[in-house]
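First comes the structure, then the notes that go with it.
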Amino acid sequence: MKSIKEILVFSNSRLRIVLPTFREEEVIVSREKVSDFKKWIK
C-alpha cells in the first residue's frame, strides 16, 4: 500500500495503479476486483 503512488480511473470501470518503481507494464485492477481493492486500501 505504501508503494502506491497514484490510483487512476481506467476504461470500463477498472483502476490503473501507478507504482514509482514499476514502469515496465501497467498494473490494472479488473472491474470484478475494484470493490475488494478499495476495501483493502482503506
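Just so we're clear, the structure is a prediction, and the values are computed from it rather than from any experiment.
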Hydrophobic cluster membership, Phe10 vs Leu19, 4.5 Å side-chain cutoff: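 No; Leu19 is not reachable from Phe10 via cluster members.
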Kindly work out whether a path of hydrophobic side-chain contacts (I/L/V/M/F/W/Y, heavy atoms less than 4.5 Å apart) joins Val34 to Trp40.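 Yes; Trp40 is reachable from Val34 via cluster members.
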Side chains of Val18 and Ile4: does their closest heavy-atom pair fall under 4.5 Å?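 No. Closest side-chain heavy atoms not under 4.5 Å.
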Can you measure from [atom1] ([X]) to [atom2] ([Y]) and round to the nearest 0.5 angstrom?
X	Y	atom1	atom2	answer
Leu8	Glu26	CG	CD	9.5 Å
Ser13	Glu32	OG	CD	10.0 Å
Leu15	Glu6	CG	CD	12.0 Å
Lys42	Met1	NZ	CE	12.5 Å

Apply side chain to side chain contact (heavy atoms under 4.5 Å, CB included) to residues Ile17 and Phe37 and explain how you reach the verdict. CA-CA 11 Å; Ile17 310 303; Phe37 179 79; 3.6 Å; yes
After noting the C-alpha distance and the side-chain angles of Ile41 and Ile7, does the key distance pass the side chain to side chain contact (heavy atoms under 4.5 Å, CB included) rule? CA-CA 11 Å; Ile41 62 170; Ile7 301 171; 3.8 Å; yes
Tell me the closest heavy-atom pair linking Pro20 and Ser3, and the distance in Å.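 So the minimum-distance heavy-atom pair works out to CD-O, 3.0 Å.
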Show the numbers, then the answer: is there a side chain to side chain contact (heavy atoms under 4.5 Å, CB included) between Asn12 and Arg31? CA-CA 7 Å; Asn12 285 332; Arg31 286 187 323 224; 4.1 Å; yes
